[in-house]
Amino acid sequence: MGYLKSGLIAMSVCAMMGTTAYAGEELDVVPSRVPGAQRAAAKALKNPIANTPANVAKGKALFEGQGTCMNCHGTSGKGDGPASIVFPIAPRNFLNAKFHKNRTDGEMMWVLKNGSNGPNGTGQPTPMVALVPTAISEEQGWYIILYERSFEPK
Ligand code: HEC
């Protein structure tokens with residue numbers, strides 16, 4: 001009886017997780033998150049780190065470690081990290097080709113420095129907080145951006 005009961009509880013928890021694993025919707029990826037007045041400068045900024053397998057690996061280690069990115073974006077890069085379930089706005093899915101087409105590396109760096117609190121269609125700030133320079137340096141951020149680009153579907 002006890003066994004049956006715990007089985008049922010486990011099943012209903014699984015059912016709940018199934019419906020709440022993606023608590024929030026991903027906002028429209030097309031509009032730049034950089035406010036208009038700063039956009040041209042942000043777009044023009046180039047990643048100074050060479051796109052080599054060794055540098056991408058360094059970015060992966062930072063994404064999954066010191067940068068804390070995987071907590072929300074997931075080791076999969078799909079935006080399904082363990083903390084993502086508590087947010088009303090889903091973390092970016094880096095496997096979304098549309099995102100990569102609509103963003104330059106410089107715009108991604110702007111978000112790392114300022115958070116995604118610029119224009120996003122909702123008028124609200126998002127859980128994407130500024131992590132440069134609090135958690136990681138700007139240089140480390142560029143390595144992570146290389147890694148994020150490696151998720152882009154070919
Ligand atoms: C607390 C959760 C959380 C953490 C930690 C986090 N992110 Fe995010 N991130 C989000 C959310 C939520 C969004 C979606 C915001 C939006 O749609 O504007 C997002 C969006 C982004 C975007 C897309 C911005 C755009 O222009 O559309 C990038 C790039 C990004 N995050 C990179 C990172 C990197 C790199 C790290 C680690 C250094 C990181 N994030 C850590 C929650 C998080």
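Just follow the structure's listing: the first ligand is 1, and inside any ligand the first atom is 1.
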Filtering Glu148, Gln140, Glu25, Arg92 for the heavy atom nearest atom 35 (C) of ligand 1 leaves Glu148
query: Are any side-chain N or O atoms of Glu64 and backbone N or O atoms of Ala61, one a donor and one an acceptor, separated by less than 3.5 Å?
result: no
Per-atom filter on ligand 1: closer than 4.0 angstrom to a heavy atom of Cys72 are 1 (C), 2 (C), 3 (C), 4 (C), 5 (C), 42 (C), 43 (C)
Out of Thr126, Val30, Asp28, the nearest non-hydrogen contact to atom 15 (C) of ligand 1 is supplied by Thr126
#### Entry: salt_bridge(Lys101, Glu152) N-O dist < 4.0 Å
no
Review point. Looking only at atom types and distance, does a side-chain atom of Ser116 sit under 3.5 Å from a main-chain N or O of Met128, one as donor and one as acceptor?
Key: no
Self-check item: Between Arg92 and His73: side-chain donor-acceptor atoms closer than 3.5 Å
Solution: no
Going by the 4.0 angstrom heavy-atom rule, the piece of Leu112 near ligand 1 is side chain
Closer than 2.8 Å to atom 8 (Fe) of ligand 1, do we get an N, O or S atom from Ser116, backbone or side chain? no
Look at the side chain of Asn117 and the backbone N and O of Gln124, then say whether any donor-acceptor pair between them is shorter than 3.5 Å. no
Does the side chain of Asn55 come under 3.5 Å of the side chain of Thr52 through a donor N or O and an acceptor N or O? yes
Logged contact type for Arg103 with ligand 1, heavy-atom cut-off 4.0 Å, is side chain
Query raised in the report: So do Ile145 and Leu112 actually touch side chain to side chain, heavy atoms under 4.5 Å?
Result: yes
Taking only non-hydrogen atoms of Phe99 and a 4.0 Å limit, the atoms of ligand 1 in range are 23 (C), 25 (C), 27 (O)
So, does Arg39 use its side chain to make a donor-acceptor pair with the main chain of Val34 at under 3.5 Å? yes
**Asked** Looking at ligand 1, does Pro127 have a heavy atom less than 4.0 Å from it?
**Response** yes
Rounding to 0.5 Å, atoms CD (Glu26) and NZ (Lys98) come to a distance of 9.5 Å
closest protein heavy atom to atom 10 (C) of ligand 1 is Met128 CB, 3.4 Å
Candidates Gln124, His73, Met108; heavy atom nearest atom 9 (N) of ligand 1 found on His73
For Ile89, the atoms of ligand 1 under 4.0 Å from one of its heavy atoms are 12 (C)
Within the distance-only criterion (no hydrogens, no angle test), does the side chain of Glu148 pair as donor or acceptor with the backbone N or O of Phe94 below 3.5 angstrom? no
Looking at Val34, Asn93, Val111, the heavy atom closest to atom 24 (C) of ligand 1 belongs to Val111
Here the atoms of ligand 1 under 4.0 Å from any heavy atom belonging to Gly67 are 37 (C), 38 (C)
Contact region, Asn71 to ligand 1, non-hydrogen atoms below 4.0 Å, reads neither
Near Thr68 (heavy-atom distance under 4.0 Å), the atoms of ligand 1 are 5 (C)
Check whether Glu107 reaches the backbone of Thr104 with its side chain - one donor and one acceptor, N or O, closer than 3.5 Å. yes
inquiry  = Quick check on atom 8 (Fe) of ligand 1: does Cys69 put an N/O/S atom closer than 2.8 Å to it?
reply    = no
So the atoms of ligand 1 within less than 4.0 Å of a heavy atom of Ile144 turn out to be 35 (C)
Ligand 1 to Leu131, heavy atom cutoff 4.0 Å, flagged ligand atoms 36 (C), 37 (C), 38 (C), 39 (C), 41 (C)
Of all protein heavy atoms, the one nearest atom 11 (C) of ligand 1 is Pro91 CA, 3.3 Å
message: Check this for me - ligand 1, Glu107, N or O atoms closer than 3.5 angstrom, yes or no?
response: no
request  = For residues Glu139 and Ile49, determine if any side-chain heavy atom of one lies less than 4.5 Å from a side-chain heavy atom of the other.
outcome  = yes
*Would you please classify the geometry between the Phe151 ring and the Phe63 ring as parallel, tilted or perpendicular, with 30° and 60° separating the classes?*
tilted
Checking heavy atoms under 4.0 Å, the part of Ala90 that sits near ligand 1 is backbone
Ligand 1 to Phe94, heavy atom cutoff 4.0 Å, flagged ligand atoms 28 (C), 29 (C), 30 (C), 32 (C)
| task | Examine distances only and state if a side-chain atom of Glu25 and a backbone atom of Ile89 form a donor-acceptor pair shorter than 3.5 Å. | result | no
Nearest non-hydrogen protein atom to atom 17 (O) of ligand 1, with distance, is Arg33 NH2, 2.9 Å
Within the 4.0 Å heavy-atom cut-off, what Glu26 brings close to ligand 1 is neither
